[in-house]
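To start, the structure under review is shown below, and the notes come after it.
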Number of protein chains: 2
Amino acid sequence: MSNPAEEIREGLMEAMGRITSFWGFSKIMGQLYGLLYLSPKPLTLDLMSEQLSISKGNTSINIRALERWNMVRTVWVKGDRKDYYEAETDFWKIVRGVLREREKKEFDLALDSVSNLLQKSREAQKAAKTAEAAFAVERLKKLEDFIQTMDKLVGVLMTLEDLKRNLFGLTKKK
Amino acid sequence: MSNPAEEIREGLMEAMGRITSFWGFSKIMGQLYGLLYLSPKPLTLDLMSEQLSISKGNTSINIRALERWNMVRTVWVKGDRKDYYEAETDFWKIVRGVLREREKKEFDLALDSVSNLLQKSREAQKAAKTAEAAFAVERLKKLEDFIQTMDKLVGVLMTLEDLKRNLFGLTKKK
DNA sequence: CCATTTGTTTAGAAAGTTCTAAACGTTCGT
DNA sequence: ACGAACGTTTAGAACTTTCTAAACAAATGG
């Protein structure tokens, strides 16, 4: 790791590994993405597994995951049988995709569960008007409210065409 | 699990377990929180470990984690040597805390790394004006921009007193 | 003081995850 | 049609995380 280009590549691989790890993706996905992001030319599986010193199988699996999340796409190079890969560089698009395919689903699921429990709780309260039943209804309602709001927020972010531009309406508070 | 109150409690424990798990906390933290959230009275360690059928040690560790994130607080009951615990019910407060103590730090760290790499990259470009160096500068700049924007967003959310009320300024887009 | 009750720590077991190397099936050039 | 060059799948090894049971330390009441 003596030349600067190499140093920078390694640095970004490390940083991206950390980021993907934090967001619940595998570390290797981040490293692969970092490698591709700084490469002017698309890269092959073999090249990448050599660069990261990981097995070809591992590389294959993680590249497929990256493709599944639209962080990387396949590119064909004429006259070469190998698959080539390049990084998706539109981060807002990637974020929208993840919000849509992962975050939103999780919020919906949570909302469903809690709404169901609230329903049950209200029925139980009608059947037997105990203080504990009333308490449960009140708390579950509060929780439902909260999740509903978050769910709406994600819904809005998800569909914004340019998250960045719209973002700073928020800053003029007070 | 025949009576309704029990059913509801178990249901919320399951839902909260799922939620905390999704957000990178332990599942048991969620289950404990769910249990406390539906309890009108503060609960003891022993009671909770019995309810969840987990060891006392495990309960202790996870309750401490919940306290660390301000999701649960300790309560003293006069004449009893045991510690009692109750759920924090202000979700916005909890979210702000997590943003401040976890999310923001991670964004700052990412921004630092990338800014550093961009710096290095610019120096390298000055030393030797290759096409590849220019490419790296351009891409890293774009990435820095992105992270910076996200970082600012988190910063804003973090300091909003009432996230909920301010949220729907966003909806009048178009 | 001592015995008991309490929360915490710890060492190792159990469970879960991720990795590699090798086997596999497909495609393509010859 | 054959062999080499691919990407994918898989079985099990290596590593990481999480859990339990038991040891421990601190505090309390008698």
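Remember, it's a predicted structure, so these values are computed and weren't measured experimentally. Note on naming: letters A, B, ... go to the chains in the order of the sequence lines (proteins, then strands), and numbering restarts at 1 for each one. For the numbers below, each heavy atom of this structure counts, side chains included, while hydrogens, waters and symmetry mates do not.
Checking S26(B) against N62(B) by side-chain atom types alone, a donor-acceptor pair falls below 3.5 Å.
Between the side chain of S53(B) and the main chain of S49(B), no donor-acceptor pair closer than 3.5 Å is present.
Salt bridge absent: E123(B) and K126(B) never bring a charged side-chain N and a carboxylate O closer than 4.0 Å.
With side-chain heavy atoms closer than 4.5 Å counting as contact, directly or through intermediates, the hydrophobic cluster containing V75(A) also holds V77(A), Y84(A).
Taking the six-membered ring for Trp and thresholds of 30 and 60 degrees, Y37(B) and F91(B) have ring planes inclined between 30 and 60 degrees apart.
Within residues 49-88 of chain A, the residues approached by DNA chain D to less than 4.0 Å at the level of any non-hydrogen atom are K56(A), G57(A), S60(A), R64(A), R81(A), K82(A), D83(A), in residue-number order. Contacts between residues 29-42 of chain B and DNA chain D, defined by a heavy-atom separation below 4.0 Å, involve no residue at all.
In this structure E86(A) satisfies the salt bridge (charged side-chain N to carboxylate O under 4.0 Å, His left out) test together with R73(A), sequence neighbours excluded. Considering only residues two or more places apart in sequence or on other chains, R18(A) meets the salt bridge (charged side-chain N to carboxylate O under 4.0 Å, His left out) condition with E106(B).
Relative to the ring axis of F25(A), R102(A) places its NZ or CZ within 45° and under 6.0 Å from the centre.
The number of heavy atoms from other shown groups lying within 6.0 Å of CD (E101(A)) is above 12.
Taken from NZ in K27(B) to CG in L52(B), the straight-line distance is 11.0 Å, to the nearest 0.5 Å.
First and last contacting nucleotides of DNA chain D toward chain A (any atom under 4.0 angstrom from a heavy atom, 5' to 3' order): dA4(D) to dT9(D).
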